[in-house]
Amino acid sequence: MSKSEAPAHPAPSPHAPVMPGRRRAVLAVLSTSLLLCGIDLTVLHVAVPSMTRDLHPTGVQLLWIVDVYSLALASLLVTCGTLGDRIGRKRMVLSGFALFGLASAAAAFSTTTAQLIAARIALGAGAAMIMASTVAVIRVVFTDDRERAVAIGVWTAAHSVGATIGPLVGGLVTERWGWGAVFLVNVPIALFILAVGARVIPESKNPAPRHWDLASVALSVTGLAGVVYALKRAGENLSVPWPAAVAATAGALLLYLFARRQRRLTEPLLDLSLFASRRFSTATVCVISCFGSYVALLFFLTQWLQQTGGFSPLRAGLALMPLAAANAVGAATAPWLSARWGNRWSLTGSLAAFAAALLLLALVGDSGAYGSLIATMLIAGYGAGVVMTLGADSIMSAAAPERSGEAAGIQETSFELGAGLGVAVLGTGLTAVYRLTLPGFPGLTSGERSSVQQSFGGAEDVAGGLGTATARQVMSAARNAYDQGFTAVAAIAAGGLALTAALAAFVLRPAGRASR
């Protein structure tokens, strides 16, 4: 994930200058922290099949396990930033790492799906505490404008690298020590950062912190949770059962109340007036749509390659390297494209290229012929890298300079919210298509049919207790159904990206040419 800026906070209180050696140490600690947060966004992707065999989650529970981390992170970023201004940024960062380490240990030793989901929520909360305050610490430590720009660039690149290598790290660790180890490796790193960070990170607070509105926090978090819960239940039941309908209605109402409260508060948790700018709101939509599709593609590609292509976790992680490398190249060359063609056409063209690659994947993608996927991944990765960089830049440039801090907070939140919603929405579609495509299996009991319909892992469990011929039939049907679900997800994402490209082309016109 490439971002041109990160959440900013009001000016800190006066402090003594930090010596160059200590500045480098602070940047190393903070960059390592963002690397770890980025890895945890995607590290579980290749470990899902082996985790599914142990914990037996339903398809919907599996989606919760994967994306509740990013949803919790997105929900709490602005809140933790405001709270860190009040209690101290160093205290917030170190407390976040303590929680992150404890939650990682809890996730590693989880024996039930509910325990793992709860641990992932705590991991997201810890990551929000870390990410919300680290950039404020950088602004305190690096007082020179040029040094600060370089430091923030290194800081944001660390998160991108982490998210990119997450599947590879997950594959290496899972294949050798099992899925729980993908979380356990966080613990010694968190302990190291706690020990070093306590010595090198200076404390700072905002002398005039913004009001921390608990009601706004509650409304935003519970409203978002209600909407996402409804999406997942709908995918599980292929309908809209009354609990999902109630959750969707309640969630939408709470989010409406949150928005109305923000407009009335003197010091809102999230200043929604920024969205009055069509350029700002369109750029935010571009980021959410692109990063959501990219993270979802990372997740579903790893499952697809393992479950229908027979890839091992390590091989699946390695298979994503062309996608990751192209993403890095896209991010690096985005400024050149913008200088040559402008943000409007660079964004539009890159979104369209990403959409075309996903459509091609839906039409001719074959997990059994990896060579045919490479060109598609290169196009998708490059397009996504350009959009992530230029979308973030468009968000920042659309806001007035005096509101850049608020814009940066929304930008950071849009990336994490996109990651969570991308897996939630597209995962719901995959679950629904998987269940619809499966045959009736008249030779199975009702309990066995239910297990097969819940998830691909459930099909593997049932097949293990059947005769050879029946087991082969069940697994063949499950692979075909999952393949159809992946195809549907790629097509849905392609359609969403194409609509976003059209929106960018129409809205991101220069002000002087709006009428043309």
Side-chain angles (χ1 to χ4, degrees), residues 1-10 74-75 77-79 81-82 131-132 135 152 156 210 216 220 224 255-256 258-294 331 334-335 337-338 341-351 354 384 386-422 496-497 499-516:
M1 175 175 58
S2 298
K3 301 181 278 290
S4 61
E5 182 61 292
H9 299 272
S75 300
L77 262 173
V78 176
T79 297
T82 305
M131 292 179 67
V135 74
I152 290 177
T156 55
R210 293 169 59 189
S216 294
S220 61
L224 183 62
L255 290 176
Y256 166 75
F258 169 78
R260 190 173 71 169
R261 184 175 180 83
Q262 301 317 291
R263 293 190 182 98
R264 293 180 175 180
L265 289 175
T266 305
E267 293 183 339
L269 185 69
L270 184 63
D271 192 347
L272 299 178
S273 65
L274 284 168
F275 290 95
S277 165
R278 290 199 305 166
R279 292 175 60 82
F280 182 91
S281 55
T282 300
T284 302
V285 170
C286 289
V287 167
I288 292 175
S289 175
C290 177
F291 195 60
S293 297
Y294 181 73
L337 286 177
S338 179
W341 301 104
N343 266 23
R344 177 193 178 192
W345 292 118
S346 297
L347 271 174
T348 300
S350 298
L351 283 165
F354 192 5
V386 173
V387 175
M388 290 176 207
T389 301
L390 298 186
D393 180 67
S394 294
I395 290 175
M396 298 305 300
S397 61
E402 64 272 14
R403 306 186 72 182
S404 60
E406 298 166 73
I410 293 173
Q411 171 200 296
E412 184 74 31
T413 302
S414 69
F415 274 97
E416 303 302 336
L417 187 59
L421 290 179
L497 288 165
L499 290 174
T500 308
L503 180 68
F506 179 75
V507 176
L508 297 180
R509 292 176 293 181
R513 301 179 183 178
S515 61
R516 297 183 186 182

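Model, not experiment: these values are computed from the prediction.
A pairwise comparison of heavy atoms in S289 and S293 identifies O-OG, 2.9 Å as the closest pair. The nearest pair of heavy atoms linking L351 to A504 is CD1-CB, 4.3 Å. Closest non-hydrogen pair, S220 versus L255, comes out as O-CD2, 3.9 Å. Between S414 and I288 the shortest heavy-atom distance is O-CG1, 3.5 Å. Taking each heavy atom of C290 and M388 in turn, the nearest pair found is SG-CG, 4.3 Å.
Of the residues listed (L390, L503, T500), the one engaging C286 in a side-chain contact (heavy atoms from CB on, under 4.5 Å) is T500, and it is the only one.
Once rounded to the nearest 0.5 Å, the distance linking CZ of F275 with OG of S277 reads 10.0 Å. How far CZ of R263 is from CZ of F258: 10.5 Å, rounded to the nearest 0.5 Å. With rounding to the nearest 0.5 Å, the separation of OG in S350 from CG in N343 is 10.0 Å.
Taking the side chain as every heavy atom from C-beta outward, F354 and V387 never approach each other to under 4.5 Å.
Within the 3.5 Å criterion, the main-chain N or O of R279 finds no donor-acceptor partner in the side chain of T282.
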